[in-house]
Trainee: 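Encoded as structure tokens, here's the structure I'll be asking about.
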Amino acid sequence: MKPSIPQGTRDFSAAVLRKRNFILQTIRSVFETYGFEPLETPAMENTETLMGKYGEEGDKLIFKILNNGLNNPDKREAVIQDFNAVLEGKTNKGITERALRYDLTIPFARYVAMNQGQLSFPFKRYQMQPVWRADRPQRGRYREFWQCDADVAGSAALLHEVELSLIYTNVFNKLNVPVEIHINNRKILGALAAVCGGEDMMMDITIAIDKLDKIGMEKVKDELIGKGLSMEQVDAVESFISIAGSNEDKLQQLEDMFSHLPLGKEGINELRTILGSFNAIQGTGSSDTQLMVDLSLARGLNYYTGTIFEVKALGVQMGSIGGGGRYDDLTGLFGVKGIAGVGISFGVDRIYDVMEELNAFPESIQKGTTALFFNTGMDEQQHILGIAENLRSKGISCEIYHEQAKFEKQFKYAERKNIPFVVIIGSKEIEAGTALVKELVSGTQTEMNVDELLKGLGK
RNA sequence: GAGGUUGUAGCUCAGUUGGUUAGAGCGUCUGAUUGUGGUUCAGAAGGUCGUGGGUUCGAGACCCAUCAUCCUCCCCA
């Protein structure tokens, strides 16, 4: 059979992995400076933990794992019944008890609900692991991809929103990726829905306006009419998303629009508080990334209840590279009431694609092995092995060519692996206690004592 | 889930209205050069033309199916 890997998955070579690790390490270090602690959860969760948390579309995109032992003759009748239920679009434990995790937020909520007795709140954790979605792969979309999440559970303080915004700006600054951080509040969208057809229309309205920059105002209106809104209500939605100007201008106009709705005012005040605090700090920092109030920002995940975030890269055609928001009652889904939370997520694979396109990776991260010792014969090899061990004990990575070969071959090996130094020690050098060190880029070659070598390559 | 693109050597791709033995560049290997790579020169290896059927005297090319791929929509990171 021809070797292959599943659709939408990838192998990662050394060069790719070094770049990915650069992203991961940058994110991790920023998370830690804000006091977030690491957490890892299993690749698979119980199917029922995940189902129903991401909406109808989301359920379809969850990878379910087939149970073992379905061919057991004793269970044959039960399995046939369960499978017939699957054919009708239902999932059940008889066929699939486990599923691959779809994001990191629900596993986090499950973890908090399970361990609420042991955790001290507010609980701040970060998590960097792959997630899986049965989506059709395309540009910027994979079936296995990494997310890096930072969440705070057990606190309603808006301080967290401010700090999470700062985490976004710090990470993308360090990665040298120019971004826009869009911010909105579900309470404002809820107020809009209350004005236009009722609270239960909120998801339909938000999904429609979320498409504004993609399909334009007219098609958004068509979609809203299709959802059963009256012309008056559609006009109200239009005047809502037509609100423009600076952040403060927008908030002012919103206040005029929702003056009679406590929910809307609450959302407006939250936004104003976050923006004020963030801007006061940003002025003192090195970054000029701004929070942008974006009233068409909705985000599909239906557990968000307050602030919502989305990050877009500037200058590259790519979907959002990060997102998040506040949820009042995430663990309520698992029977634990009253734990509020807020979190953000980084889409590592999209960030990688953006950085590749912007050529934003530093050259320096591609250094692997520092030196290659040429193999000049079996006797010499043993001698060289001792020197190499000495270098390695000092933290310098080096390798010995695996067999005696023409220098051309050994040079090419060093070149292909991007090894900056070549060290030649043959019988002559062993006798003299010296080593020939050649720097490949410049081609300069110097003869030095082995002692010098052990010091010199260290820098 | 709906629609479309592309599939020829390790890689990037040519391949005429269907016509003899399917080509190029890069890469790989060998030699010129037995302790000094990148340049040059000479040579070599490497292909079930994605897979399976069909049309035809004849298919890499045309038709059908299938798989893979990339893209768009839906939705999202």
Side-chain angles (χ1 to χ4, degrees), chain A residues 1-10 23 27 54-62 89 101-105 128-149 168 179 203 206-208 210-211 214-215 219 223 297-302 308-313 317-325 343-354 372 374-377 380 401 404-417 419-430 435-447:
Chain A
M1 76 176 253
K2 270 189 194 168
S4 65
I5 55 174
Q7 188 182 37
T9 65
R10 298 150 295 162
I23 297 173
I27 295 172
Y54 310 104
E56 233 173 278
E57 288 300 312
D59 282 355
K60 288 185 199 159
L61 299 181
I62 294 171
R101 74 170 157 251
Y102 178 90
D103 71 356
L104 301 178
T105 307
M128 315 206 304
Q129 288 187 278
V131 301
W132 293 270
R133 294 185 190 176
D135 228 338
R136 191 68 70 82
Q138 55 184 272
R139 177 181 161 83
R141 177 174 305 192
Y142 306 98
R143 290 186 144 186
E144 177 186 64
F145 60 98
W146 279 62
Q147 292 194 330
C148 300
D149 279 30
Y168 267 142
V179 296
M203 283 314 296
T206 54
I207 286 172
D210 200 31
K211 297 177 191 164
K214 229 175 198 173
I215 62 178
K219 293 205 169 162
E223 192 161 328
L297 171 61
R299 294 190 59 74
L301 292 172
N302 45 20
I308 44 183
F309 294 107
E310 198 154 289
V311 183
K312 286 188 173 146
Q317 190 67 36
M318 179 67 71
S320 66
I321 57 177
I344 56 170
S345 178
F346 289 82
V348 176
D349 301 79
R350 284 187 179 173
I351 293 170
Y352 180 97
D353 291 342
V354 166
L372 175 72
F374 273 19
N375 195 319
T376 50
E380 292 86 343
Y401 196 77
Q404 187 174 7
K406 295 180 64 170
F407 274 26
E408 183 179 352
K409 264 190 121 163
Q410 306 199 43
F411 269 120
K412 281 193 172 159
Y413 180 82
E415 218 165 63
R416 284 189 74 116
K417 278 193 78 172
I419 299 173
F421 294 102
V422 146
V423 182
I424 303 167
I425 299 176
S427 49
K428 280 186 291 184
E429 286 80 11
I430 291 177
L436 281 172
V437 178
K438 183 162 183 172
E439 190 182 1
L440 285 188
V441 179
S442 61
T444 55
Q445 181 170 309
T446 48
E447 184 163 6

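Every chain is numbered from 1, with letters handed out A, B, ... down the list of sequences.
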Trainee: Stepwise, does the salt bridge (charged side-chain N to carboxylate O under 4.0 Å, His left out) test hold for A:E408 with A:K412?
Mentor: CA-CA 6 Å; A:E408 183 179 352; A:K412 281 193 172 159; 3.5 Å; yes
Trainee: Could you work out the separation of B:C71 and B:U5 based on their P atoms and round it to a whole Å?
Mentor: 16 Å
Trainee: Do the side chains of A:C148 and A:V348 get nearer than 4.5 Å, heavy atoms only?
Mentor: yes
Trainee: Rounded to whole Å, how long is the line connecting atom CZ of A:F145 with atom C1' of B:C76?
Mentor: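 Those two atoms, CZ and C1', are 8 Å apart.
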Trainee: Take nucleotides 31-40 of chain B nucleotide by nucleotide from the 5' end and write B, S or -, depending on whether a protein heavy atom sits under 4.0 Å from the base, only from the sugar-phosphate, or from neither.
Mentor: S---BBBB--
Trainee: Do A:E415 and A:F411 have side chains that get closer than 4.5 Å, going by heavy atoms?
Mentor: no
Trainee: Roughly how many Å apart are B:C63 and B:G7, using the P atom of each and rounding to a whole number?
Mentor: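 Those two atoms are separated by 13 Å.
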Trainee: Let me know the distance between OH of A:Y413 and P of B:U28, rounded to the nearest Å.
Mentor: 15 Å
Trainee: Donor-acceptor pair, distance only, cut-off 3.5 Å: does the side chain of A:D349 make one with the backbone of A:G140?
Mentor: no
Trainee: Taking the side chain from A:Y54 and the backbone from A:K60, do they hold a donor-acceptor pair closer than 3.5 Å?
Mentor: no
Trainee: Which whole number of Å gives the distance between the C1' atom of B:C57 and that of B:U69?
Mentor: 36 Å
Trainee: In whole Å, measure the gap between the P atoms of B:U20 and B:U39 for me.
Mentor: 37 Å
Trainee: In dot-bracket form, how is RNA chain B paired, counting a Watson-Crick or G-U wobble pair only if both its distances are under 3.5 Å and using | for bases paired to another strand?
Mentor: ((((.((..((((.....[...)))).(((((.......))))).....(((((..]....))))))).))))....
Trainee: Which part of the nucleic acid does A:S320 contact within heavy-atom distance under 4.0 Å: base, sugar-phosphate only, or nothing?
Mentor: sugar-phosphate
Trainee: Considering non-hydrogen atoms only, spot the tightest contact between A:R10 and A:E144 and give its length.
Mentor: NH2-O, 3.2 Å
Trainee: Using atom P of each nucleotide, how far apart are B:A45 and B:G52 to the nearest Å?
Mentor: 26 Å
Trainee: Pick the P atom in B:C62 and in B:C70, then give their distance to the nearest Å.
Mentor: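 24 Å, rounded to whole Å.
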Trainee: Could you pull out the closest heavy-atom pair between A:Q7 and A:P137, with the gap in Å?
Mentor: CG-CG, 3.7 Å
Trainee: Is the backbone of A:N375 close enough, under 3.5 Å, to the side chain of A:Q410 for a donor and an acceptor to pair up by distance?
Mentor: yes
Trainee: Answer yes or no: is there a side-chain heavy-atom contact under 4.5 Å between A:M318 and A:R139?
Mentor: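 Answer yes - side chains close enough.
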Trainee: To the nearest angstrom, how far is A:D210 atom CG from B:C76 atom P?
Mentor: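 After rounding, the reported distance stands at 7 Å.
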Trainee: When you measure from the side chain of A:R101 to the backbone of A:V131, do you find a donor-acceptor pair of N or O atoms at a distance under 3.5 Å?
Mentor: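 No, the answer is negative, given that no donor and acceptor are paired below the 3.5 Å cut-off.
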Trainee: Just by protein heavy atoms under 4.0 Å, how would nucleotides 67-75 of chain B read 5' to 3' in B, S and -?
Mentor: --S-SBBBB
Trainee: Could you tell me which non-hydrogen atom of A:L372 sits nearest to which non-hydrogen atom of A:Y401, and how far apart they are?
Mentor: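 Taking A:L372 first and A:Y401 second, the nearest heavy atoms are CD1-N, 3.8 Å.
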Trainee: Of all the heavy-atom pairs spanning A:V354 and A:I321, show the shortest one and how long it is.
Mentor: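 So the two residues come closest at CG2-CG2, 4.1 Å.
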Trainee: Between A:F309 (CZ) and B:C76 (C1'), how many Å, whole number?
Mentor: 19 Å
Trainee: Rounding to the closest angstrom, what is the interatomic distance between B:C64 and B:U28 at atom C1'?
Mentor: 40 Å
Trainee: Expressed in whole Å, how much space separates the P atoms belonging to B:A22 and B:A59?
Mentor: 14 Å
Trainee: How many Å lie between CZ on A:F346 and C1' on B:A77, as a whole number?
Mentor: 12 Å
